[in-house]
Chemist: 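Okay, here's the structure, questions in a sec.
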Amino acid sequence: MADAPLVTRFAPSPTGHLHVGGARTALFCWALARRAGGRFLLRIEDTDRARSDETNVKTLLEDLRWLGIHWDEGPVHGDAGGDPRGVGPFFQSARGAHYEAALHELLERDLAYPAFETEAELNALRTEAQRQKRDFRYRRPSDFDRAAALARYREGEPCVLRFNNAPREALTVEDEILGAVHFEADTLDDFVLRRRDGSPTYHLAVVVDDEKMGVTHVLRGQEHLNNTPRHLLLQRALGYRVQRYAHLPIILNADGSKMSKRDRDKAVRAALRKRSVDFSELPVASDKLEHWLANKRAQLESAELDALATALGLQLPEISVEDFRRAGYLPEAMLNVLALLGWSPGEKLEDGRDLERFDPDYLAAHFSLARARRSSARFDRNKMLAFNQQHLTALGDEDFTRRFHVWAKRYPAPPHGLSSAQTGALLQMLRPRCQTFSNFLSVDGPGGFAVRGDADYPFDPKAVTRWLATGEPTGLELLPALRDVLAAQRDFEPQPVERAIAAFCEARSLELKVAAQALRVAVTGSARSPGLGETLAVLGRDAVLARIRRCLAECQRATPGGRP
RNA sequence: GUCCCCAUCGUCUAGUGGUCCAGGACUCCGCCCUUUCAAGGCGGCAACACGGGUUCGAGUCCCGUUGGGGACGCCA
């Protein structure tokens with residue numbers, strides 16, 4: 001490492017599952033390091049004790065690993081992590097000595113000072129400023145008595161340590177993506193470096209760690225852009241090197257708001273407020289709910305939110321990597337889509353199309369900040385779905401089945417009456433029709449007809465009108481005879497069944513389509529299903545006959561005009 | 001409100017002053033293939049926010065307006 005290698009880092013705070021924005025940042029950090037033959041390190045920003053715990057760290061590492069993003073240095077997890085350069089530890093909670101040393105130096109040189117206001121006092125000042133439509137910026141009072149403050153501090157009086165930004169000069173951030181970004185003089189306040197409880201704030205920790213860990217390139221979301229001048233100030237004060245910064249465009253929801261982990265909480269909270277529900281009937285303890293409901297920043301566990309959503313009949317947006325994993329997306333599809341959010345290869349295929357489908361190896365070989373975009377991007381679920389479907393289709397039978405079962409084991413489907421032979425057959429026939437793993441056994445998915453009971457699947461009125469109620473003869477009129485054919489069918493396998501139906505049509509000089517669609521609608525309720533033979537075979541003769549009977553009974557009534 | 005960022009089809013984007021009456025992908029729609037349904041193939045709809053400059057020439061450069069987003073925490 002003699003030749004100053006490029007070093008990137010991903011530095012999440014362990015507040016739960018990795019979300020889409022974080023995943024994209026990690027991916028770009030990884031790709032840039034790979035491309036440049038540098039190193040990618042993972043650091044856990046757990047300075048906020050209230051929001052960090054060990055489970056969350058594991059969760060985060062597991063999410064990263066599932067995506068296949070490998071870190072060269074950092075917490076050890078599987079074959080990722082380690083500390084070959086001796087720059088660890090990688091948990092900020094274990095790096096206190098570094099921060100204290102920096103703080104000590106700053107204090108000595110009057111670049112930091114103790115401030116004794118309580119949070120309540122500061123809040124009051126903020127509210128007052130807001131009332132007067134002024135900005136609130138904390139500044140060291142002009143009559144500040146440094147000696148006295150230091151004495152109080154050394155005696156152990158509770159206080160925070162703030163940065164002394166006396167010069168308050170204009171600053172320019174040289175961003176690799178945005179170019180030069182200027183900040184007016186006087187915009188920065190004396191921000192906090194060390195909290196009352198002795199822990200370092202993000203600003204201090206990030207600057208110290210990036211220096212000590214030899215980080216050369218900082219990639220992070222654009223929401224951090226306003227923090228960068230603070231970091232510049234600190235670096236200057238401490239005589240540190242300045243990293244190259246690249247602020248990535250923010251990832252937005254479909255409605256244009258910032259995609260945030262709290263969105264799922266928000267959705268459930270809104271639903272809960274709108275309808276007056278009895279808390280005691282909900283799957284989360286009511287005192288916990290009360291607190292969560294009252295506190296906008298509070299978050300429930302992913303599983304708790306899912307339970308609530310189910311209880312309320314809500315569809316929650318996928319935000320975290322875990323949400324997508326649970327929904328049955330493939331990590332390679334996810335990575336592909338993520339890479340396209342704010343970056344593009346800019347490469348044309350021979351047929352004139354843009355290169356859009358690629359794997360991590362391609363990214364590692366071609367990624368560059370020069371091709372990163374500046375503007376924020378909405379996350380397009382349709383595209384994600386389409387990419388996933390393609391990756392699913394590309395898997396190959398064996399791989400596909402194996403991976404499906406790995407998924408299904410982790411996220412068991414709700415009980416359905418299907419035998420394993422049936423699910424196996426469904427899996428194969430539904431493959432080109434499914435966009436996610438969860439789609440296969442979902443009542444709303446293309447296999448819904450099989451998952452639902454013989455008397456439970458709904459009839460699509462349009463399909464009934466088109467294929468059962470019209471024509472000469474109508475589908476409904478054909479069904480009894482078709483039922484007889486199927487009842488007499490010995491070998492109830494796809495091919496023979498289809499042949500029998502074809503023979504039936506030939507004998508009556510009917511278009512196959514007429515009989516096929518009538519049966520399809522009768523047996524699945526819809527004009528779309530897998531191949532007719534497969535559809536009938538997977539249900540089995542008994543179910544098919546029962547379903548035709550039900551259809552005859554229900555649709556005859558519903559379409560009085562269907563008979564001449 | 002203040003500061004900062006952004007602005008090409010509904011969405012993701014290509015486009016770095018002429019080769020753009022703007023290309024691709026996703027969605028939607030049509031056609032072909034299939035003795036049925038998908039998948040697949042082919043095609044269609046659809047955009048340079050607005051106003052000023054600069055220039056022989058502007059989606060591309062500059063300014064403004066409008067719109068969107070972010071930040072304003074003893075969170076990160």
Side-chain angles (χ1 to χ4, degrees), chain A residues 11-13 15 45-48 50-51 115 117-119 122-123 126 129-130 133-137 159-162 173 175 177-178 181-184 187-189 191-197 199 201-203 205-206 220-229 247 249-250 252 254 256-258 297 337 340-349 351-357 373-387 389 393 429-434 446 498 501-502 505-506 510-520 524 526-535:
Chain A
S13 66
T15 54
E45 310 231 329
D46 57 351
T47 60
D48 184 12
R51 308 206 309 161
E117 292 83 357
T118 63
E119 286 188 73
L122 288 174
N123 284 338
R126 281 198 190 93
Q130 200 173 18
K133 297 193 194 301
R134 279 189 302 109
D135 267 10
F136 174 74
R137 288 196 198 88
C159 64
V160 299
L161 261 22
R162 285 181 182 270
V173 175
D175 188 275
I177 296 172
L178 300 170
V181 181
H182 306 284
F183 292 86
E184 295 173 9
T187 54
L188 287 183
D189 61 356
F191 52 96
V192 174
L193 297 173
R194 189 171 86 162
R195 289 185 273 257
R196 190 165 288 253
D197 68 3
S199 60
T201 60
Y202 168 70
H203 304 301
V206 84
R220 46 160 57 149
Q222 247 177 52
E223 66 269 22
H224 281 295
L225 186 56
N226 290 319
N227 288 327
T228 311
H247 289 94
I250 287 172
L252 269 23
S257 60
K258 182 185 171 191
R297 283 177 183 166
V337 170
L340 253 12
L341 246 35
W343 185 82
S344 63
E347 200 176 314
K348 296 271 184 209
L349 267 10
D351 60 4
R353 296 176 193 232
D354 292 351
L355 173 72
E356 270 198 328
R357 325 277 166 159
R373 277 180 64 87
R374 287 186 284 275
S375 47
S376 45
R378 294 178 198 220
F379 188 84
D380 186 351
R381 284 215 168 56
N382 277 331
K383 195 153 177 164
M384 173 85 226
L385 242 15
F387 271 56
Q389 181 168 22
T393 319
M429 71 179 74
L430 254 23
R431 189 122 88 88
R433 282 158 245 261
C434 277
E498 264 181 36
I501 295 163
C505 290
E506 229 163 288
L510 283 170
E511 265 189 291
L512 177 64
K513 194 174 197 157
V514 176
Q517 286 301 79
L519 268 176
R520 195 186 307 278
T524 70
S526 149
R528 297 167 153 203
S529 85
L532 185 62
E534 294 175 300
T535 302

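A note on names: the letters A, B, ... follow the listed sequences, proteins ahead of strands, and every chain is numbered from 1.
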Chemist: B/C75 C1' sits how many Å from A/Arg220 CZ, rounded?
Modeler: 14 Å
Chemist: Atom CD of A/Glu534 and atom C1' of B/C37: how far apart are they, to the nearest Å?
Modeler: 9 Å
Chemist: For A/Thr118, answer base if it contacts any base atom (sugar-phosphate contacts may also be present), sugar-phosphate if it contacts only those atoms, and nothing otherwise; contact means non-hydrogen atoms under 4.0 Å.
Modeler: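 It contacts base atoms.
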Chemist: Considering every strand shown, what is the Watson-Crick or G-U wobble mate of B/C72 when both distances are under 3.5 Å?
Modeler: B/G1
Chemist: Would you say A/Glu347 has more than 12 foreign heavy atoms packed within less than 6.0 Å of its CD?
Modeler: yes
Chemist: For RNA chain B, whose closest nucleotide is more 5', that of A/Tyr202 or that of A/Arg353?
Modeler: A/Arg353
Chemist: Can you give one letter per nucleotide of nucleotides 5-12 of chain B, 5' to 3': B if a protein heavy atom sits under 4.0 Å from the base, S if only from the sugar-phosphate, - if neither?
Modeler: SSSB--BB
Chemist: Assign A/Arg357 to base, sugar-phosphate, or nothing according to its heavy-atom contacts below 4.0 angstrom with the strands shown.
Modeler: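 A/Arg357: backbone/sugar contact only, no base atoms under 4.0 Å.
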Chemist: I want to check one thing: is the phosphate of B/A76, taken as OP1 and OP2, less than 4.0 Å away from some side-chain N or O of A/Thr15?
Modeler: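 False: A/Thr15 side-chain N/O out of range (4.0 Å or more) of B/A76 OP1/OP2.
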Chemist: Given the C1' atoms of B/G15 and B/G40, what is the spacing between them in whole Å?
Modeler: 30 Å
Chemist: So, OP1 or OP2 of B/A14: does either fall under 4.0 Å of a side-chain N or O from A/Ser344?
Modeler: yes
Chemist: Using a 6.0 Å cut-off, check whether atom CZ of A/Arg196 has over 12 heavy atoms from anything other than its own residue.
Modeler: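 Atom CZ in A/Arg196 is crowded, with more than 12 foreign heavy atoms closer than 6.0 Å.
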Chemist: With a 3.5 angstrom cut-off on both distances, give the Watson-Crick or G-U wobble partner of B/A7, or none if there isn't one.
Modeler: B/U66
Chemist: Quick check on B/C72: is either OP1 or OP2 less than 4.0 Å from any side-chain nitrogen or oxygen of A/Arg137?
Modeler: no
Chemist: Atom NE2 in A/His224, atom NE2 in A/His247: separation rounded to 0.5 Å?
Modeler: 7.5 Å
Chemist: Does any N or O in the side chain of A/Gln389 come within less than 3.5 Å of the main-chain N or O of A/Pro432, such that one atom is a donor and the other an acceptor?
Modeler: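 Yes, the answer is positive, given that a donor and an acceptor are paired below the 3.5 Å cut-off.
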Chemist: Closest approach to the side chain of A/Arg528, judged atom by atom: which nucleotide of B/G70, B/U2, B/A38 is it?
Modeler: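 Side chain of A/Arg528 sits closest to B/A38.
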Chemist: Using only heavy-atom distances, determine whether the side chains of A/Thr393 and A/Arg433 contain a donor-acceptor pair under 3.5 Å.
Modeler: no
Chemist: Which part of the nucleic acid, if any, lies within contact of A/Ala527, taking any heavy atom under 4.0 Å across all strands shown: a base, the sugar-phosphate backbone alone, or nothing?
Modeler: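 Result for A/Ala527 = sugar-phosphate.
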Chemist: Is there a Watson-Crick or G-U wobble partner for B/G44 with both distances under 3.5 Å, and if so, which one is it?
Modeler: B/C28
Chemist: Nearest whole Å is fine: how far is B/C74 P from A/Glu119 CD?
Modeler: 7 Å
Chemist: Tell me the interatomic distance from A/His224, atom NE2, to B/A71, atom C1', rounded to whole angstroms.
Modeler: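 That distance rounds to 11 Å.
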Chemist: Please name the nucleotide paired to B/C37 by Watson-Crick or G-U wobble geometry with both distances under 3.5 Å, or report none.
Modeler: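 Across all strands, not a single nucleotide pairs with B/C37.
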Chemist: As an exercise, state the distance from CG of A/Leu532 to NZ of A/Lys513, rounded to the nearest 0.5 Å.
Modeler: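 Answer rounded to 0.5 Å: 13.5 Å.
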Chemist: With respect to the side chain of A/Glu184, which nucleotide from B/C74, B/A76, B/C3 is positioned closest?
Modeler: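 Of B/C74, B/A76, B/C3, B/C3 is nearest to the side chain of A/Glu184.
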Chemist: Can you name the nearest heavy-atom pair linking A/Pro249 to A/Ser375, along with the distance?
Modeler: CB-O, 3.1 Å
Chemist: If you look at every strand shown and take non-hydrogen atoms under 4.0 Å, does A/Gln130 touch a base, only sugar-phosphate, or nothing?
Modeler: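 Result for A/Gln130 = nothing.
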Chemist: Taking only the P atom of each, what is the distance from B/C21 to B/U60 in whole angstrom?
Modeler: 15 Å
Chemist: Using the P atom on both, measure B/C56 against B/G68 and round to a whole Å.
Modeler: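 Roughly 38 Å separates the two P atoms.
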Chemist: Let me spell it out: for each of A/Gly346 and A/Thr187, pick the nucleotide of RNA chain B with the closest heavy atom. Which residue's pick is nearer the 5' end?
Modeler: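 So the residue in question is A/Thr187.
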Chemist: If I pick the C1' atom on B/C48 and the same atom on B/G41, what distance separates them, to the nearest angstrom?
Modeler: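 Straight-line distance between the two C1' atoms is 31 Å.
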Chemist: Mark yes or no for whether A/Glu498, through its side chain, and A/Gly533, through its backbone, hold a donor-acceptor pair below 3.5 Å.
Modeler: yes
Chemist: Could I get a table of every N or O pair under 3.5 Å where one atom is in the protein and the other is in nucleotides 34-36 of chain B?
Modeler:
residue	atom	partner	partner atom	Å
B/U36	O2'	A/Gln517	OE1	2.8
B/U36	O2'	A/Arg520	NH2	2.5
B/U36	O2	A/Arg520	NH2	2.8
B/U36	O2	A/Leu532	N	2.9

Chemist: For B/C20, give the paired nucleotide (Watson-Crick: N1-N3 plus N6-O4 or O6-N4; G-U: N1-O2 and O6-N3; both under 3.5 Å), or none.
Modeler: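 Base partner found: none.
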Chemist: Hey, is the side chain of A/Lys258 poking within less than 4.0 Å of OP1 or OP2 on B/A71, counting only N and O atoms?
Modeler: yes
Chemist: Have A/Arg137 and A/Thr187 got a donor and an acceptor in their side chains that come within less than 3.5 Å?
Modeler: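 No pair is found: no donor N or O on one side chain lies under 3.5 Å from an acceptor on the other.
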Chemist: Round to a whole Å and report the spacing from CG of A/Asp189 to C1' of B/A71.
Modeler: 12 Å
Chemist: Kindly indicate whether a cation-pi arrangement holds for A/Arg357 with A/Phe387, taking the cut-offs as under 6.0 Å to the six-membered ring centre and within 45° of the axis.
Modeler: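 Satisfied, under 6.0 Å and within 45°.
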Chemist: For B/A22 versus B/A46, give the span between their C1' atoms, rounded off to a whole number of Å.
Modeler: 13 Å
Chemist: Mind listing the closest non-hydrogen atom pair of A/Thr524 and A/Ser529 along with its distance?
Modeler: CG2-CB, 4.0 Å
Chemist: Check every strand shown and say whether A/Glu117 touches a base, only sugar-phosphate, or nothing at a heavy-atom separation below 4.0 Å.
Modeler: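 The answer is base, as A/Glu117 lies within the cut-off (heavy atoms under 4.0 Å) of a base atom.
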Chemist: What's the CG-P distance between A/Leu355 and B/G15, to the nearest Å?
Modeler: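 Going from CG in A/Leu355 over to P in B/G15 covers 13 Å.
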Chemist: Ignoring hydrogens and angles, state whether a donor on the side chain of A/Ser526 or A/Arg528 is under 3.5 Å from an acceptor on the partner side chain.
Modeler: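 No, no side-chain donor-acceptor pair sits under 3.5 Å.
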Chemist: Can you check the distance between B/G59 and B/U54, where both ends of the measurement are the P atom (answer in whole Å)?
Modeler: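 These two P atoms come out 16 Å apart once rounded.
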Chemist: Tell me what A/Phe191 touches on the nucleic acid: a base, only sugar-phosphate, or nothing, going by heavy atoms under 4.0 Å.
Modeler: nothing
Chemist: Atom CG of A/Asn227 and atom C1' of B/G70: how far apart are they, to the nearest Å?
Modeler: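 Value for this atom pair: 11 Å.
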Chemist: Are the side chain of A/Thr535 and the backbone N or O of A/Pro530 linked by a donor-acceptor pair below 3.5 Å?
Modeler: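 Judged by distance alone, yes, a pair lies under 3.5 Å.
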Chemist: Using the P atoms only, state how far B/A71 lies from B/G64, rounded to an integer number of Å.
Modeler: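 Those two atoms are separated by 25 Å.
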Chemist: Using the 3.5 Å cut-off, write out each protein N or O paired with an N or O of nucleotides 47-49 of chain B and the distance between them.
Modeler:
none

Chemist: Can you measure A/Arg196 atom CZ to B/G73 atom C1' for me and round it to whole angstrom units?
Modeler: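 Roughly 14 Å, once rounded to whole Å.
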Chemist: If you measure from the C1' atom in B/C9 to the same atom in B/C4, how many Å do you get, rounded?
Modeler: 29 Å
Chemist: Could you grab the distance from atom OG of A/Ser199 to atom CG of A/Leu193, nearest 0.5 Å is fine?
Modeler: 11.5 Å
Chemist: May I ask you to decide if A/Ser257's main-chain N or O and A/Arg378's side chain share a donor-acceptor pair within less than 3.5 Å?
Modeler: no
